[in-house]
Amino acid sequence: MAGQFIKKHTKAVSKPVYGFDGVGIHLVESEGDLGDPPFYLQEYVPNDRDFRVFVIGDQAVGAIMRVSDHLTHNIHQGGCGSAIDIPKEMAKIAVQAAHCVGVDYGGVDLLAYNGSYVVLEVNGTPNWHCMQAPIPQFLAEYLILQDKQNQ
Ligand SMILES: Nc1ncnc2c1ncn2[C@@H]1O[C@H](COP(=O)(O)OP(=O)(O)O)[C@@H](O)[C@H]1O
Ligand SMILES: [Mg+2]
C-alpha cells in the first residue's frame with residue numbers, strides 16, 4: 001500500500017499519527033525511507049511556505065505565513081512567521097476544515113495548491129505565535145457569548 005502510494009506520487013510526506021510542531025515529519029521517496037509504523041503518508045505538495053489560519057466559530061480571525069528553507073515550516077522547526085491578511089478563499093477553506101472535524105476553534109494548516117489551498121491538518125489546541133490579531137481576546141469573547149447562549 002505505502003509503496004504504491006509513493007510510486008503514484010513520486011514524493012510523499014510521512015507524519016506520526018499523533019504529531020505536533022513538525023516533529024517526526026520527513027520526506028519519503030522510496031519504501032526504504034519509511035520508518036516504523038504507525039505513520040501516515042500525504043502527497044508531497046511543493047511549496048516555500050505554509051499558512052496557519054486561526055478559526056473561531058464561523059470566522060477565520062487571524063493568519064500567518066511561515067517560511068523556512070526546509071520541509072517543515074513550523075515555528076518550532078525554525079520557520080519565520082509573519083501575520084498576513086486572509087484571502088477569502090483561504091478563510092472559506094479554513095472554516096470548512098474546522099467544521100469538518102467539529103471544533104469550535106482550531107488552527108488550520110494550509111499549503112497553496114492549484115490556485116487554491118490544500119489542508120494539512122486541523123489543530124484542536126493551536127498556538128497563536130506571530131498572529132497580530134488579539135486571539136486571547138477573541139477566544140474570551142467567543143466563550144462568553146457561547147455561555148450566554150447556553151443559559
Ligand atoms: N503534504 C505536505 N507537502 C509538503 N509539505 C508538508 C506536507 N505536510 C506537511 N508539510 C510541512 O510540514 C509542516 C508540518 O506539517 P503538519 O501536517 O502541519 O504537522 P504538525 O502537526 O507537526 O505541524 C507543514 O507546516 C509543512 O511545512
Ligand atoms: Mg502543523
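Atoms within each ligand, like the ligands themselves, are counted from 1 in listed order. Values reported hereafter were calculated over all heavy atoms of this structure, with side chains retained and with hydrogens, waters and symmetry mates removed.
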Quiz item: Applying side-chain hydrogen bond (donor to acceptor under 3.5 Å, both in side chains), which residue pairs with at least one partner in residues 91-100 are found, sequence neighbours left out?
Solution: D58-H99
Self-check item: Qualifying side-chain hydrogen bond (donor to acceptor under 3.5 Å, both in side chains) pairs with a residue from residues 13-30, counting only residues at least two apart or across chains
Solution: K15-Q42, D21-H76
Exercise. State the count of protein N/O/S atoms located less than 2.8 Å away from the Mg ion (ligand 2).
Key: 2
Exercise. For P126 and R52, work out which heavy atoms get closest and say how close.
Key: CB-NH1, 3.8 Å
Quiz item: How close do I64 and C130 get, heavy atom to heavy atom, and via which atoms?
Solution: CG2-O, 3.4 Å
Quiz item: Applying a heavy-atom distance cut-off of 4.0 Å, which protein residues contact ligand 1?
Solution: V13, K15, G19, F20, D21, G22, I25, Q42, E43, Y44, V45, N47, D50, R66, L71, T72, H73, N74, D109, L111, L120, E121
Quiz item: Distance-only, no hydrogens or angles: does the N123 side chain make a donor-acceptor pair with backbone N or O of T125 under 3.5 Å?
Solution: no
Self-check item: Under 3.5 Å: donor-acceptor pair, side chain of T72, backbone of N74
Solution: no
Quiz item: Would you say Y105 has more than 12 foreign heavy atoms packed within less than 6.0 Å of its OH?
Solution: no
Quiz item: Are I86 and L110 co-members of a hydrophobic cluster defined by side-chain heavy atoms under 4.5 Å apart?
Solution: yes
Quiz item: Once the angle between the rings of Y117 and F51 is folded into 0 to 90°, is it parallel (under 30°), tilted (30 to 60°) or perpendicular (over 60°)?
Solution: perpendicular
